[in-house]
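Just below is one structure, and these are the notes that go with it.
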2 protein chains.
Amino acid sequence: MKTRRASGRPTIADVARLAGVGAITVSRAIRDPNQVSEELRNRIEEAIRELNYVPNVQAQILASGQSNVIAVLLPSLTNSVYADVIRGIYDKVAPTRFHIQIGNTRYSEQEEDRLVALFAWQRPAAMLLAGLDQSETTRSFLADAEFPIVQIMEHGPAIDMGIGCSHKDAARAAVTHLIDCGYRRIAFLGARKDPRMMRRRDGYREALAALPGAKPIELLTPEPSGVARGRALFSQLLDTATDIDAVACGNDDLALGALFECQARGIAVPEQMGIIGFNDLEMAAAAVPAISTVRIDRYEMGRRAIGMLLDRLEGKKVGEPIVDIGFDVIRRASTSAVDQGVSAARSAKGG
Amino acid sequence: MKTRRASGRPTIADVARLAGVGAITVSRAIRDPNQVSEELRNRIEEAIRELNYVPNVQAQILASGQSNVIAVLLPSLTNSVYADVIRGIYDKVAPTRFHIQIGNTRYSEQEEDRLVALFAWQRPAAMLLAGLDQSETTRSFLADAEFPIVQIMEHGPAIDMGIGCSHKDAARAAVTHLIDCGYRRIAFLGARKDPRMMRRRDGYREALAALPGAKPIELLTPEPSGVARGRALFSQLLDTATDIDAVACGNDDLALGALFECQARGIAVPEQMGIIGFNDLEMAAAAVPAISTVRIDRYEMGRRAIGMLLDRLEGKKVGEPIVDIGFDVIRRASTSAVDQGVSAARSAKGG
DNA sequence: ATGAAAGCGCTAACAA
DNA sequence: TTGTTAGCGCTTTCAT
């Protein structure tokens with residue numbers, strides 16, 4: 001009569017029958033073994049093994065109303081920066097009951113608005129966003145969401161929780177390092193013009209403001225970043241600003257491009273031109289000369305962001321809701337003819 | 001009485017009541033509007049808007065037995081190669097009702113076995129795997145899975161469907177290009193020793209076999225790849241094999257590292273040393289000199305792999321279940337003192 | 001500590 | 001074309 005479909009796989013009722021207990025006892029034995037007497041627990045566990053029983057997640061979620069999805073919205077899936085973050089996220093989530101659902105906003109605020117709404121309707125257990133610059137619509141929409149939210153990458157006022165660092169401070173430290181090395185005509189190269197990039201530009205300006213008589217020399221494109229882009233931009237810059245002696249790049253792609261352009265033109269780095277990047281991609285250390293840069297522990301940032309969400313989901317108290325993960329200025333050969341050693345100037349309050 | 005919990009958000013019953021129809025009619029109006037008369041459809045759509053109704057996905061899946069999850073298992077989330085594939089996957093899936101669930105096997109067969117079993121128990125709608133070298137356990141386990149499976153990266157005998165190219169042929173073509181340029185003492189650099197890397201090594205050997213009197217000079221490490229690793233490996237190679245005049249690298253990271261090592265040692269590329277990489281990462285084209293390499297359209301591979309799965313899920317017939325996506329040897333300055341133009345030698349059967 | 005009954009929100013089956 | 005009924009597999013409520 002009413003068999004309908006039935007997935008074919010064993011249900012909790014099958015386990016209960018085999019173990020000679022009620023279905024609810026099986027359910028308890030799975031979720032909180034302490035609630036069940038040892039004898040029944042053993043019988044149930046054996047029945048589970050024998051039937052090869054695996055709980056149906058959809059049914060669990062439907063019955064309990066507890067989602068197991070953590071929504072993750074990132075501006076890019078290709079950029080190495082986010083690849084590292086993603087790795088940290090997955091590593092932290094792997095041993096838990098939660099799953100990651102990734103959305104790619106493509107650096108577009110509109111796409112972010114769309115995806116936040118889309119994902120929020122699915123009632124995720126939690127949400128992770130990149131940056132602090134969501135649209136007003138999204139901010140207010142999320143402000144009274146019932147799930148925990150963490151924003152990564154930047155340090156500042158978050159909707160709920162946040163972990164990151166000040167890109168402005170980091171860039172200021174990088175440019176200050178150039179100044180300390182004796183460079184005086186320092187340019188800034190940027191691409192994509194996303195919020196982090198613009199804050200780094202601001203940091204560059206602040207550092208230059210402390211250098212009497214120096215005036216900003218900036219070249220930014222809204223186009224995506226890349227090594228080739230860095231090379232082209234720097235080439236363009238060299239053609240117009242002939243007297244610059246150093247360049248602060250908004251990321252390591254651009255910095256490597258600038259280095260290549262110097263090689264192509266026979267400009268000696270670091271003697272005639274200092275170069276510093278941002279992000280400390282793996283390639284930066286291997287370049288000739290090794291490229292100075294700013295390091296942020298992105299993997300750890302991803303891990304800790306998920307950790308903060310998990311703490312909240314488990315009802316634990318999260319220590320600091322807004323964490324400054326800090327940064328390190330990595331001094332390499334590209335910014336000093338004399339000091340070729342790798343040394344680091346640690347920033348950060350957050351530990 | 002029995003109110004229990006209730007999520008608070010409107011249900012299909014609320015919509016049905018407001019529209020004055022049965023719940024199933026609302027269900028039909030959502031899934032296949034053609035089944036419902038225009039008048040009811042309009043009333044229902046208005047009710048949905050008014051209540052801000054969004055279907056509960058978990059309930060849909062539970063009731064229909066139709067999962068909306070496509071499981072994707074990749075060996076790395078950080079490697080640019082897979083980042084491009086992931087982008088293709090997400091772009092293709094975005095407009096559908098399906099979601100991606102990613103697992104990171106970390107180049108470990110054991111971890112792949114574990115994750116395949118874990119994901120398979122969740123009854124995904126489909127599964128995407130990387131490579132053809134799954135364990136025998138996993139292959140036979142998946143051979144009678146009821147969901148479609150696609151294996152990407154390589155061309156060859158797949159469990160169900162596959163799209164990729166022959167890495168052996170591709171590497172052979174790359175090395176043959178070196179030979180055509182006049183290089184005679186050609187070494188091979190490899191890292192990670194994953195299946196694709198070993199097939200590229202095999203292609204190198206095949207190409208050398210066609211060169212009378214040439215004997216393989218190989219240096220492979222099981223350690224992960226990277227620019228720094230490429231530099232270190234090539235340095236090691238140069239210290240022992242002093243008379244090589246070209247190096248075929250298993251990927252572009254290694255190739256860039258080799259180039260940097262040449263720069264550090266004052267070895268002229270391409271005059272004294274030819275270098276060719278694999279994958280055509282963005283940086284390869286911007287290097288000085290630009291690095292020759294082998295291009296595989298990874299983004300497209302990801303897209304088409306998902307396309308094949310979607311076709312099957314929609315009951316469409318998939319044209320070819322095993323697709324050769326081909327490769328291009330990209331000739332750049334690093335392999336020819338005379339020919340600095342970028343030209344491509346197209347391979348590929350699959351279009 | 002254990003169980004019976006109800007129902008989470010939806011859709012397949014059957015009927016009208 | 002539309003509705004009624006049962007039930008997907010699990011967990012909550014309430015009772016013992």
Side-chain angles (χ1 to χ4, degrees), chain A residues 1-45 47-48 51-68 97 121-123 125, chain B residues 1-45 47-48 51-68 97 121-123 125:
Chain A
M1 276 286 318
K2 270 285 113 95
T3 311
R4 209 179 170 191
R5 52 251 124 156
S7 65
R9 66 195 234 187
T11 72
I12 208 168
D14 297 324
V15 176
R17 209 171 304 126
L18 183 59
V21 299
I24 186 61
T25 309
V26 176
S27 174
R28 287 194 187 107
I30 291 169
R31 285 173 303 151
D32 186 4
N34 298 334
Q35 275 187 60
V36 179
S37 70
E38 195 177 324
E39 190 197 326
L40 289 193
R41 208 187 320 141
N42 291 335
R43 294 213 324 251
I44 289 167
E45 277 165 9
I48 288 177
L51 293 174
N52 234 320
Y53 168 74
V54 179
N56 180 320
V57 186
Q58 317 301 345
Q60 284 181 319
I61 295 172
L62 179 58
S64 68
Q66 301 228 330
S67 163
N68 67 341
R97 70 179 186 89
W121 281 124
Q122 316 279 1
R123 302 264 162 149
Chain B
M1 337 188 327
K2 269 287 111 104
T3 310
R4 213 180 168 190
R5 55 251 122 159
S7 64
R9 65 195 234 186
T11 73
I12 207 169
D14 297 325
V15 177
R17 208 172 304 124
L18 183 58
V21 298
I24 188 65
T25 307
V26 176
S27 174
R28 288 194 186 107
I30 291 168
R31 286 173 301 151
D32 187 4
N34 298 335
Q35 276 188 62
V36 178
S37 69
E38 195 178 323
E39 189 197 327
L40 289 193
R41 208 189 319 141
N42 291 336
R43 297 222 313 260
I44 290 167
E45 277 165 10
I48 288 177
L51 294 174
N52 233 321
Y53 167 75
V54 179
N56 179 321
V57 185
Q58 318 301 343
Q60 284 180 318
I61 295 172
L62 180 58
S64 67
Q66 301 229 330
S67 163
N68 68 342
R97 69 180 186 88
W121 281 123
Q122 316 281 0
R123 303 264 161 147

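Whole-Å rounding puts the A/Ile24 CD1 to D/dT11 P distance at 7 Å. When the C1' atom of C/dT2 is taken as reference, atom CD1 of A/Ile44 falls 10 Å away, rounded to whole Å. Between A/Arg17 atom CZ and C/dT2 atom P the separation is 20 Å, expressed in whole Å. Between the C1' atom of D/dG9 and the CD1 atom of B/Ile61 lies a distance of 13 Å, rounded to the nearest Å. As a whole-Å value, the separation of A/Leu62 CG from C/dC8 P is 9 Å. Residue B/Gln66 contributes atom CD, which lies 21 Å from atom P of C/dG9 at whole-angstrom precision. If you take CD1 of A/Ile12 and C1' of D/dG7, they are 16 Å apart, rounded to a whole angstrom. Rounded to whole Å, atom C1' of C/dT11 lies 15 Å from atom CD of A/Gln58.
Within residues 32-42 of chain B, the residues approached by DNA chain D to less than 4.0 Å at the level of any non-hydrogen atom are B/Gln35, B/Val36, B/Ser37, B/Leu40, in residue-number order.
Contacts of B/Arg31 with the nucleic acid, taken as non-hydrogen atoms under 4.0 Å apart, involve only primed sugar atoms and P, OP1 or OP2.
Of the possible donor and acceptor atoms, none in the side chain of A/Arg28 sits under 3.5 Å from a partner among the backbone N and O of A/Val36. When atom types are taken as modelled, the side chain of A/Thr25 and the backbone of A/Val21 share no donor-acceptor pair closer than 3.5 angstrom. Using modelled atom types, one side-chain atom of B/Asp14 and one backbone atom of B/Thr11 make a donor-acceptor pair closer than 3.5 Å. At least one donor-acceptor pair closer than 3.5 Å links the side chain of A/Arg9 to the backbone N or O of A/Pro55.
Under 3.5 Å, the side chain of A/Arg28 and the base of C/dG3 form at least one donor-acceptor pair of N or O atoms.
Closest contact between the side chain of A/Ala63 and the listed nucleotides C/dG3, C/dC10, C/dC8 involves C/dC8.
Under the side-chain contact (heavy atoms from CB on, under 4.5 Å) criterion, A/Leu18 pairs with A/Ala47, A/Glu50, A/Leu51, not counting sequence neighbours.
Of the charged side-chain nitrogens involved, none lies within less than 4.0 Å of a carboxylate oxygen, so that A/Arg41 and A/Glu45 do not count as a salt-bridged pair.
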